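Note sheet for the following structure.
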Amino acid sequence: MGNYSAVTEFFLVGLSQYPELQLFLFVLCLIMYLIILLGNSLLIIISVLDSRLHTPMYFFLGNLSFLDICYTSSSIPQMLIMFMSERKSISFLGCALQMFISLGLGSTECVLLAVMAYDRYAAICNPLRYPIIMNKVLYVHMAVWSWVVGCLNSLVQTVFAMVLPFCGHNVIDHLTCEILALLKLVCSDITMNVLIMTVASVVLLMIPLLLISVSYIFILSSILRINSSEGRKKAFSTCSAHLTVVILFYGSALFMYMKPKSKHTKASDEIIVLSYGVVTPMLNPIIYSLRNKEVKEAVKKILSKYLNLHKI
């Protein structure tokens with residue numbers, strides 16, 4: 001036992017070994033953050049204003065857009081400050097709050113993407129029974145439980161991490177207060193934390209990914225049996241958008257949480273974090289807008305109404 005002082009703040013030094021990139025990263029992340037806010041906000045507004053989009057699919061999509069706005073807002077503003085600041089520090093409570101929000105929303109997205117896959121399975125494989133299967137009570141409960149499960153997982157992992165002794169170590173080699181980077185500072189046994197994280201990774205990453213894969217096997221089989229080429233095209237359009245988002249998000253998350261842990265954070269790990277923490281939320285509304293005819297028509301309808309009002 002050493003004579004260590006309690007940790008009251010942490011220093012985030014991720015990518016600080018590349019000072020020439022700080023301004024570039026600041027501008028890049030700022031532009032992507034503005035696109036995230038604009039794109040996801042527009043998708044929420046469109047799904048609320050257009051009555052044709054008042055369906056389970058767009059309800060879940062609205063949840064995903066709101067989640068992406070909150071998720072990125074928990075880390076990117078702080079990241080932008082760090083890029084331009086000499087003192088790259090965050091308080092102990094600020095770090096705990098950032099970890100809870102980002103981990104909770106990331107966990108929620110894992111469950112929500114699986115729920116969205118089930119919705120597409122029900123819509124394409126059981127089109128006649130779809131309104132009965134995916135009734136309002138069910139899809140609202142599915143969305144609520146996605147949030148509850150994600151937040152409970154985050155609460156448990158954050159509490160178990162922040163009560164551990166850091167023995168004066170307060171330099172996090174990462175861009176944000178990410179749990180894997182924080183646990184490297186702990187000077188006691190973290191077996192329980194690793195066990196909880198492993199169980200959470202299996203329950204929230206592997207199982208949802210397996211369910212999504214099974215859903216898409218049935219979906220693909222049903223699409224190939226559709227006689228109408230227009231029907232096949234529409235089904236492929238909505239499913240390919242969701243599948244693209246799933247591959248981007250789960251690919252990055254699995255790389256981070258299921259690969260062997262190293263003592264030191266690599267630059268590649270921080271680039272991966274930027275991928276699923278910034279790039280994926282930015283691409284979500286773009287993918288769903290470009291690949292979805294209903295969203296395009298809704299945008300045109302709202303714009304035409306707006307222009308007609310101004311003409312009057």
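These numbers were taken from a predicted model, which means no experiment stands behind them.
A distance of 5.0 Å separates CD1 of I190 from CG of L183, quoted to the nearest 0.5 Å. In this structure, CE on M116 lies 12.5 Å from OG on S215, to the nearest 0.5 angstrom. Atom CG of L34 sits about 11.0 Å away from atom SG of C29, to the nearest 0.5 Å. Taking SG from C151 and CG from L103, the interatomic distance works out to 10.0 Å, rounded to the nearest 0.5 Å. The distance from atom CD of Q98 to atom CD1 of I90, rounded to the nearest 0.5 Å, is 4.5 Å. Taking CG of D68 as the reference point, atom OG of S73 lies at 10.0 Å (rounded to 0.5 Å).
Side-chain heavy atoms closer than 4.5 Å link hydrophobic residues (I, L, V, M, F, W, Y) into clusters, and following such links, even through other members, never connects I132 to V115. The cluster map of Ile, Leu, Val, Met, Phe, Trp and Tyr, joined by side-chain heavy atoms under 4.5 Å apart, puts F59 and V137 in different clusters. Note on V148: it clusters hydrophobically with F60, by side-chain heavy-atom contacts below 4.5 Å among ILVMFWY residues. Residue L164 is not grouped with residue L93 when hydrophobic side chains (ILVMFWY) are merged at heavy-atom distances under 4.5 angstrom, including chains of intermediate members. Tracing side-chain contacts under 4.5 Å through hydrophobic residues (I, L, V, M, F, W, Y), one never reaches I81 starting from V27; they form parts of separate clusters.
For I219 against I124, the heavy-atom pair with the smallest separation is CG2-CD1, 3.8 Å. Counting all heavy atoms, side chain and backbone alike, I69 lies closest to S41 at CD1-OG, 3.6 Å. The shortest heavy-atom contact between L138 and I133 is CD2-O, 2.9 Å. Closest non-hydrogen pair, T158 versus F100, comes out as OG1-CA, 3.5 Å. In terms of heavy-atom proximity, G150 sits nearest to T108 at CA-OG1, 3.5 Å. Pairing each heavy atom of C110 with each of P208, the nearest pair is O-CB, 3.8 Å.
Side-chain atoms of C187 and F166, non-hydrogen and from C-beta on, never get closer than 4.5 Å to each other. Taking the side chain as every heavy atom from C-beta outward, S75 and Q78 never approach each other to under 4.5 Å. Using a 4.5 Å heavy-atom threshold, the side chains of Y250 and L205 count as touching. Side-chain contact check for W147 versus L105: some heavy-atom pair is nearer than 4.5 Å. Side chains of I172 and E178 form no contact here, defined as non-hydrogen atoms less than 4.5 Å apart. Contact of the L113 side chain with the L209 side chain is not registered, since no non-hydrogen atoms from C-beta on lie closer than 4.5 Å. The closest side-chain heavy-atom distance from I36 to I76 is below 4.5 Å. Residues R87 and E9 have side chains in contact (heavy-atom distance under 4.5 Å, counting atoms from C-beta outward).
Residue pairs satisfying the salt bridge (charged side-chain N to carboxylate O under 4.0 Å, His left out) criterion with at least one member in residues 30-58, sequence neighbours excluded, are listed as follows: D50-R52, R52-E297. Applying the side-chain hydrogen bond (donor to acceptor under 3.5 Å, both in side chains) test to every pair with at least one member in residues 123-142, sequence neighbours left out, gives these pairs: D119-Y130.
Heavy-atom neighbours of F11 CZ from other residues, nucleotides or ligands within 6.0 Å: above the threshold of 12.
With N40 contributing its side chain and P281 its backbone, the two residues share a donor-acceptor pair below 3.5 Å. A distance-only check finds a donor-acceptor pair linking the side chain of N193 to the backbone of F160 [under 3.5 Å]. Using a distance-only test at 3.5 Å, with no hydrogens or angles considered, a donor-acceptor pair links the side chain of H54 to the main chain of V48. Of the possible polar contacts, one joining the K88 side chain to the M82 backbone as a donor-acceptor pair under 3.5 Å is found. In terms of modelled atom types and a separation under 3.5 Å, the side chain of S221 and the main chain of I217 share no donor-acceptor contact.
Cluster partners of L42 are L38, counting Ile, Leu, Val, Met, Phe, Trp and Tyr whose side-chain heavy atoms approach within less than 4.5 Å, directly or via other members.
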Please step through side chain to side chain contact (heavy atoms under 4.5 Å, CB included) for the pair K184 and D173, ending with a clear verdict. CA-CA 9 Å; K184 292 174 183 177; D173 187 12; over 6 Å; no
Test side chain to side chain contact (heavy atoms under 4.5 Å, CB included) on H174 and L182 and set out the steps. CA-CA 9 Å; H174 213 276; L182 190 77; over 6 Å; no
Evaluate M57 against M134 for side chain to side chain contact (heavy atoms under 4.5 Å, CB included), listing each step before the verdict. CA-CA 10 Å; M57 174 183 167; M134 197 59 69; over 6 Å; no
Test side chain to side chain contact (heavy atoms under 4.5 Å, CB included) on L180 and M197 and set out the steps. CA-CA 9 Å; L180 291 175; M197 194 180 301; 3.2 Å; yes
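For C177, the disulfide bond (SG atoms under 2.5 Å apart) criterion is met by C95, not counting sequence neighbours. Among residues two or more places apart in sequence or in another chain, the ring pair (Phe, Tyr, Trp, His ring centres under 6.0 Å) test is passed with F92 by F10. Applying the side-chain hydrogen bond (donor to acceptor under 3.5 Å, both in side chains) test to S107 and every residue at least two apart in sequence or in another chain returns N153.
Put simply, the residue from L12, T176, T72, L30 that forms a side chain to side chain contact (heavy atoms under 4.5 Å, CB included) with M79 is T176.
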